[in-house]
Amino acid sequence: MTSPTSRRIRIGIGGMAIESSQFCPHRSAYDDFRITRGRALLDRYTWTRPDAGPAGPVEWVPLVHAVAVPGGPVERTAYDRIKAELTGRIRESGPLDGLVYDIHGAMSVVGLDDAEADLTDAVRAATGPGTLISAAMDLHGNVSRRFAAQLDLLTAHRMAPHEDAWETRERAARKLVERLVHGTGRPHRAWVQIPVLLPGEKTSTRLEPARSLYGRLASVEAVDGVVDAALWVGYAWADEQRCRAAVVVTADDAALAVAQAGSLARAYWDARRDFVFAGPTGDADSCIARAVASSARPFLISDSGDNPTAGGAGDLAYMLGRLLADEELASGRVTALHPGITDPEAVAVCFGAGVGGEVTLAVGGRFSAGTGPHAEPYELTGTVTALEDGAAPGSGGPRGNPAYDGSGRSAAVTRGGVTVVLTERRRPFHTRADFGSLDPLAYDLVVVKIGYLEPELHAMAADWLLALTPGGVDQDLLRLGHHKVLRPLYPFDDEGFEEPDLTPALLQGLPARPRPPRGRTTGL
């Protein structure tokens, strides 16, 4: 342990974040990423401002950050390009005392089995052993031992939906600054994986048992000697050995870290059968029939299997076909708004026709056609009822996910009582602003490509159903065809499952290497 310091501390900021379904036919290319550098990267966070707080004298060093809307695996050339820039900028920046590593944790890359571990190995090689690395992650990340061993601090969201995403990043930065300012060096990390892999829609912290399990983390962190406690449910739509739940407790007392991590892991394992979907479920047709018959308006339905914010392709017209197969909706006696199917060719046709124009389109299947009967294009004849020239400022910006800004043009086409929104780029519809000129409250049904409802949608819904639809993020994990995950693994295996060894492994901490003072000062 080193002594406290008042010298300027140099902390880099960078990372690469995407959630990638290996069951999605889409491939994430370099142009799918929003790349942020320089002053714009510092402006992404509130705690990099000079007046942000008195925690310590910090020079924030912007490296590069790349973030993309969740999708299919990242093309290897895109990954290599971003990795090379990140590691190159680390080397060019000069010695760093610390690094705030802003990632997701569920990135898949074509040809790699543990993309975050590969990236982190390269980042650690670039920083050298003397730099403390603090990772801020999504709780749907997968945490392998190889990955965790290269980090000094790692934490994750404690809420799903992730209303605390920016607080998680700030916590990762604050804990790093505290250790560097006070010279406390590297803490111990107790790491353990739990042989459970559940979809996010079964692990919402709005419900038990996730609410209580995640509610414990703050109290564990408050124990004297503990630095942080984190619990990951894992990412269910990748097929790799690292895919499972995990716990990491970071502490200055090794025995305390092991004891607390083991207790959290045991609680999660014991609760594995208690997790339920975040809302009532059904197949597409039953959900539509129940919504049409209901008096609750607007009635929201999640098209969960093609959710682009979980890694789905976002191009499936399956739900559109099921909506128009309902006589009440097809006749217009009941209305529905269904955003947003990704189809740039169809959007171009709609812009050519203009508002009020009649169009006949083969909608959807731009990435997924040929992967099954649910993925084929749907022939739609209708009227163009709205055109949007760019993404509305909804989900992106400094308090949202900037990957969702600049999502391109969109077009609304109406047939009978159904209005479908077609988009040039894969994008979410999470907030009222995301709908642009269309008012979702003006429709009887709103059918969104999402899993559990984000806060604004949740507040909007008079009632809600989670449709278990096909796609790259199908909630029925057993029909997806995992074959690389380590078995036994719940829920793939249940009866006769032997009691797992939940003994945490201790990833030993070492003191940080002092560095000479340099740079300008700002606080956290």
Side-chain angles (χ1 to χ4, degrees), residues 284-285 287-289 291-292 297-303 306 308 313-369 374-392 394 407-429 431-450 457 460 467 469:
D285 289 341
C287 287
I288 292 168
V292 167
R297 296 293 184 257
F299 198 114
L300 269 67
I301 300 176
S302 292
D303 179 9
D306 194 36
D315 71 333
L316 298 186
Y318 173 81
M319 200 65 177
L320 174 62
R322 302 324 305 153
L323 289 167
L324 286 168
D326 183 274
E327 178 57 30
E328 294 293 296
L329 288 163
S331 67
R333 291 189 291 270
V334 177
T335 61
L337 176 63
H338 179 38
I341 300 174
T342 305
D343 192 329
E345 292 86 351
V347 171
V349 172
C350 292
F351 268 80
V355 173
E358 295 294 315
V359 291
T360 296
L361 307 164
V363 173
R366 297 303 170 185
F367 308 115
S368 303
H374 64 276
E376 296 309 305
Y378 180 84
E379 186 172 319
L380 174 67
T381 297
T383 304
V384 178
T385 46
L387 297 171
E388 300 281 351
D389 211 17
S407 297
R409 302 184 301 176
S410 64
V413 179
T414 300
R415 174 177 166 184
V418 177
T419 297
V420 60
V421 179
L422 309 173
T423 64
E424 276 189 323
R425 300 185 64 185
R426 300 169 61 255
R427 55 173 290 198
F429 286 76
T431 70
R432 172 61 187 84
D434 291 331
F435 291 84
S437 63
L438 298 173
D439 181 5
L441 299 179
Y443 296 82
D444 298 318
L445 278 60
V446 180
V447 183
V448 185
K449 291 183 180 293
I450 197 172
L457 296 180
M460 180 191 304
T469 51

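- In this structure, the separation between CG on Leu329 and CG on Leu324 is 7.5 Å, given to the nearest 0.5 Å.
- For the side chain to side chain contact (heavy atoms under 4.5 Å, CB included) with Thr385, the qualifying choice from Thr419, Val420, Leu438, Val421 is Thr419, the only one to do so.
- In terms of heavy-atom proximity, Thr469 sits nearest to Met319 at CG2-SD, 3.9 Å.
- Atom OH in Tyr443 sits 13.5 Å away from atom CG in Leu300 (nearest 0.5 Å).
- Ser410 contributes atom OG, which lies 11.5 Å from atom CZ of Phe435 (distance to the nearest 0.5 angstrom).
- Contact detail for Leu457 and Phe429: the closest heavy-atom pair is CD1-O, 3.4 Å.
- In this structure, Leu323 CG and Cys287 SG are separated by 11.0 Å, a value rounded to the nearest 0.5 Å.
- Counting only N and O atoms by type, the side chains of Ser437 and Glu388 include a donor and acceptor under 3.5 Å apart.
- Between Leu380 atom CG and Thr414 atom OG1 the span is 9.0 Å, to the nearest 0.5 Å.
- Across all non-hydrogen atoms, the minimal contact from Tyr318 to Ala284 is CE2-CB, 3.8 Å.
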Walk me through whether Leu361 and Leu422 qualify under side-chain contact (heavy atoms from CB on, under 4.5 Å).
CA-CA 11 Å; Leu361 307 164; Leu422 309 173; 3.8 Å; yes
Determine, stepwise, if the pair Val363 / Val413 fulfils side-chain contact (heavy atoms from CB on, under 4.5 Å).
CA-CA 11 Å; Val363 173; Val413 179; over 6 Å; no
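- Here the shortest heavy-atom pairing between Lys449 and Asp306 reads NZ-OD2, 2.8 Å.
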Check against side-chain contact (heavy atoms from CB on, under 4.5 Å), Leu445 and Arg297:
CA-CA 7 Å; Leu445 278 60; Arg297 296 293 184 257; 4.2 Å; yes
